[in-house]
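Written below as structure tokens is the structure these notes are about.
Note that the structure is predicted; figures quoted are calculated from it, not measured. In each ligand, atom 1 is the first atom listed, and ligand 1 is the first ligand listed.
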Amino acid sequence: MMGHSHAVSGAMLYAASAPFLPPLLLHTTLQPADILMGTVLCAGAALLPDLDHHDGSIANFLGPLSKALCRFVAWASGGHRHATHSLLFVALMGAGTWAGVTFLGRNFTLALTFFLLALAIRALRLCPPGDGPEAWITIIGLSALGTFGMNTWMPSSPGWLPYAVALGTLAHLLGDCLTKKGAPLLWPHKERYEVVLIKRSGNSVETKVLVPIMSVATFVLLWFTALSPTIVN
Ligand SMILES: [Zn+2]
């Protein structure tokens, strides 16, 4: 599955679930801004498992820095589609984000926001194509703007952030399970799980059917939960 499809799937799952969860679960009542920001950050989190792939189109999202990071993640996790494609990784990302938001506070939240925004901007192709500096310098600029916005207009600690990160990571695994190589969900067990719906990454089932359906669903959900002024609380 392509990075773009993963990002759209993360966005859709967040838009389809977060506004309907009881406030207790997310430790906050979601405002429209929380829903919109959460949707974008969840789209970014849906790329996290592929940080184990230094050649992927995503790897260059922060230039040489992220390429080095991807090499490290690949080395530490046993290569592409290993540890980072497991439910254990989903739990670790969710718990790690919760711990960071809870114990490290605002700086952690803003750093993670910047990182996830950068991933989302790259995957959703909101920057120039290619791996050159014009791509990643644009990404850094846009992510910095978004992080500034988060800092300015969303002062409280976002209780929804751990949920967005875990859900995005999970969305990625589900997406990879639709492809031929599957994902080792129960890693360290080696078995891979798959229901092959997409025979070749980027084929027409993925780009002409799944992605358009997920994109429209995301916009419709966001319209009713965050954008339409008559329905918001
Ligand atoms: Zn993957």
Side-chain angles (χ1 to χ4, degrees), residues 1-14 39-62 65-97 112 115-127 129 131 139 163-207 209-211 213-215 218:
M1 218 180 195
M2 300 189 308
H4 178 254
S5 319
H6 282 305
V8 175
S9 76
M12 184 189 72
L13 287 186
Y14 187 87
T39 299
V40 178
L41 296 190
C42 191
L47 279 312
L48 287 174
D50 274 355
L51 291 183
D52 66 1
H53 191 18
H54 69 90
D55 267 342
S57 64
I58 296 303
N60 222 50
F61 71 108
L62 289 176
L65 204 69
S66 55
K67 260 203 141 109
L69 171 72
C70 291
R71 270 182 211 282
F72 172 76
V73 173
W75 170 79
S77 68
H80 184 41
R81 284 204 193 190
H82 285 88
T84 62
H85 286 65
S86 66
L87 295 174
L88 185 65
F89 184 72
V90 175
L92 274 178
M93 287 295 105
T97 305
L112 183 62
F115 190 79
L116 294 177
L117 277 175
L119 275 172
I121 289 164
R122 175 70 195 206
L124 295 172
R125 300 178 191 139
L126 304 174
C127 61
D131 285 348
I139 295 174
Y163 176 73
V165 169
L167 184 70
T169 315
L170 181 67
H172 183 104
L173 303 195
L174 296 178
D176 275 354
C177 283
L178 298 180
T179 67
K180 261 187 180 163
K181 280 180 231 144
L185 297 180
L186 299 181
W187 184 92
H189 287 286
K190 290 216 158 64
E191 194 177 337
R192 287 166 181 269
Y193 298 86
E194 64 203 45
V195 181
V196 181
L197 198 67
I198 300 164
K199 293 219 171 73
R200 195 174 46 80
S201 187
N203 73 1
S204 51
V205 177
E206 180 179 341
T207 57
V209 181
L210 284 178
V211 169
I213 291 176
M214 292 191 295
S215 306
T218 306

The Zn ion (ligand 1) is nearest to which N, O or S atom of [X]?
{"X": "His85", "answer": "NE2"}
{"X": "Asp50", "answer": "OD1"}
{"X": "Asp176", "answer": "OD2"}
{"X": "His172", "answer": "NE2"}

Checklist entry - CD1/Ile139 to CG/Leu119 distance, rounded to the nearest 0.5 angstrom? => result 9.0 Å
Next on the checklist: Applying side-chain contact (heavy atoms from CB on, under 4.5 Å) to Glu191 and Leu186, what does each step give before you reach the verdict?
Outcome noted: CA-CA 7 Å; Glu191 194 177 337; Leu186 299 181; over 6 Å; no
Checklist entry - Could you walk me through whether His6 and Asp176 pass the side-chain contact (heavy atoms from CB on, under 4.5 Å) check? => result CA-CA 9 Å; His6 282 305; Asp176 275 354; 3.2 Å; yes
Next on the checklist: Please find the pair of heavy atoms, one from Trp187 and one from His82, that lie closest to each other, and give the distance.
Outcome noted: CD1-C, 4.1 Å
